[in-house]
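In what follows, a single structure is set out as structure tokens and then discussed.
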Amino acid sequence: MNYILNIFQKSFLNDEKKFLNLLSFFLMSFLCMHFLLYLNFFKFSDSWINNESRIVTIRISPDISEKKIPRIKESEILQYFEKKKVFEYVRLLTENDLKEYLGLGDLHSLSSVRVPLFLNLKFNNEFSEINFENFSKIIENRNYKVTYHKDEILEIQEFFFKVKLFIILVGFLIFILFLFFLILIINAALTANYKFLEVVQLMGADSKQISINISIILLKKIFLGTIGGSFFSVFISYSIVKIFSIPFYNHVDILSTSFFELFEIFFYLSFFIIFSLMIIFLLLTLVTFKFLEKRFFG
Amino acid sequence: MNKVLEINKVSLGYNNNLILKNIEITLSKGDFLVIHGKNGSGKSSFLKFLYMKIFPISGKYRIFGEEVFFSNKSFINRCRKKMGIILQKNFLIPYLSIFQNVQLSFEVQSNNSTSNDNRVFEILKWVGLEKKAELKVVNLSDGEKQKVVIARALVSNPPILIADEPMLYLDSISREKLFFLLKAINKLGTTIIVADNQNKDEYFNSRKVNIEQFVITK
């Protein structure tokens, strides 16, 4: 069937080649951009959630007679947690940290307020419960409250999920639009060339074989635009991340990524493009096959 | 005698409206059958049934002893590969050369992935177009186009040739030549079925069937 393939190549959608490349360029750019943004957001949200869920904040209120917890006691508390060796860091939030956090940077001091002691602890690996054995002996009769960030980020997780779903849905919409255009084009081409196809069918050519050949031809005609579009999308998504300083996982920053990370991006992107092209191929083959089988008998 | 086609009590029609009823024809290897009848009498429909483009309302159809089941498309494709078909308005690909148009048919019907240029040249020589092989079809006269169509139908050496009014649009000289060609192919053993709207003298020693005898009169 190589000869028929050559004939199809010459006759099918030859005048529309530029249009097809342009169409695939724009739509594949959008699609790949969505994929890259999703990949970045996925990595970013994943690492953010992982990071945040390992953090614990402990608030220790000063005694009624104190304005703040004495420095010696602060050191004892710090040492208590540091000795546990399950934390990546044990950080004491200073007065300045608190002012900044509360948006009170202009205030000269918090001397008139009874300021509790805040500690940020981050677990080394997986989150686990903190063992507070003998802790009350150190803090004596002061109150303390433990806040596990894992319990506080549920809403954010939900928000992340919604953003991911939005990116997927818009990407899916673009893909459907692309498929719709391609199906319209292939249908028009099949109708225009129907007499030729009918003659080939009467010669005994298999509809399946003809469909596969036509789909291969269409794929060849959109291939250049697809590859161009994918490179363009890498460039654009890199620019978006850079220009708007989006706090995404720095995954498309080609200059600061390692070779392995770069390879990973291209691996995922190539896989995505191949997967998309395969779906396009299967769908077009199915549409063409249905068109031919419908007309197999008069 | 080798039976090539057996048509047993076949009735044809569209959307259950009967056009032809109780057709019974048996053709053997080397038969030359002429089907004649007025315009619209159902000749083309009958030929469409022969090359399995339409299926019968009732009756049995056997090709080379095997019954045709219209649900078995792969069998139909195998049968179609053994048929050379000439349609009334035959479609040639205008931007391809005569050689390429004929080669296309050879590639589809011969199940041979490698093209056989010799066979294509041989058949073009036979129809007298070997010197014009590289000419684009668009530049040919109606008679020459018809010869290309015949060459295309015969290139893979099919045992059956079905032609729907092949003499249409041809002048008397071209018709004579074409008829001579068909007779020569027939002598080589090809079973030929030709539909024509007149009972012409050219077919004087062929088997003739008037399709009107099967027509349903209302």
Side-chain angles (χ1 to χ4, degrees), chain A residues 1-20 185-218 220-221 285-298, chain B residues 12 14-15 44-45 47-56 70-87 89-97 99-117 120 149 152-153 155-156 158 162 164:
Chain A
M1 297 291 268
N2 291 337
Y3 189 68
I4 299 184
L5 191 67
N6 287 339
I7 293 173
F8 282 162
Q9 186 90 28
K10 280 181 193 166
S11 60
F12 262 75
L13 304 163
N14 215 22
D15 297 335
E16 294 83 1
K17 199 175 172 183
K18 276 184 190 166
F19 168 74
L20 278 170
I185 289 165
I186 201 107
N187 255 324
L190 287 171
T191 310
N193 290 279
Y194 177 61
K195 194 71 193 167
F196 166 56
L197 291 171
E198 190 188 18
V199 170
V200 176
Q201 263 188 326
L202 288 182
M203 288 171 184
D206 184 27
S207 306
K208 198 168 70 187
Q209 199 64 47
I210 299 175
S211 317
I212 290 171
N213 282 344
I214 290 174
S215 301
I216 289 172
I217 285 160
L218 193 73
K220 275 184 184 172
K221 298 205 171 172
T285 308
L286 201 73
V287 168
T288 315
F289 181 75
K290 226 180 140 192
F291 180 93
L292 293 171
E293 284 297 284
K294 220 172 149 184
R295 289 155 181 82
F296 189 85
F297 297 115
Chain B
L12 298 174
Y14 294 100
N15 302 324
S44 297
S45 298
L47 293 192
K48 276 183 184 173
F49 157 73
L50 289 182
Y51 56 76
M52 291 155 284
K53 185 73 182 168
I54 59 170
F55 39 89
F70 281 79
S71 54
N72 189 349
K73 286 181 179 170
S74 63
F75 174 72
I76 290 174
N77 273 336
R78 275 205 310 277
C79 289
R80 281 177 178 176
K81 282 184 180 178
K82 291 176 187 167
M83 291 176 174
I85 299 163
I86 300 169
L87 303 177
K89 286 176 190 167
N90 224 309
F91 189 79
L92 292 167
I93 305 159
Y95 48 82
L96 294 184
S97 67
F99 184 87
Q100 288 171 321
N101 267 286
V102 178
Q103 195 183 16
L104 168 73
S105 171
F106 183 76
E107 185 152 327
V108 176
Q109 293 199 309
S110 64
N111 283 327
N112 194 346
S113 57
T114 55
S115 63
N116 192 334
D117 293 359
V120 178
V149 168
R152 192 178 69 179
V155 69
S156 56
I162 298 171
D164 193 359

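Below, all heavy atoms of this structure are taken into account, side chains as well, without hydrogens, waters or symmetry copies. Every chain is numbered from 1 and lettered A, B, ... according to where its sequence line falls, protein lines coming before strand lines.
Between the CG atom in A:Leu202 and the CD atom in B:Gln109 there is a gap of 9.5 Å [rounded to 0.5 Å]. Note that CG of B:Asn77 and CD of A:Gln201 are 8.0 Å apart. Values are rounded to the nearest 0.5 Å.
A perpendicular orientation is assigned to the rings of B:Phe55 and A:Phe297, their planes being inclined by more than 60° (bins at 30° and 60°).
Only the side chain of A:Glu198 comes within less than 4.5 Å of a heavy atom in chain B; its backbone stays farther off. With a 4.5 angstrom heavy-atom cutoff, B:Phe70 touches chain A via backbone and side-chain atoms both. Looking at B:Lys53, the atoms closer than 4.5 Å to chain A (heavy atoms on both sides) sit in the backbone and in the side chain alike.
Among B:Met52, B:Met83, B:Lys73, the residue with the largest count of heavy-atom pairs under 4.5 Å with chain A is B:Lys73.
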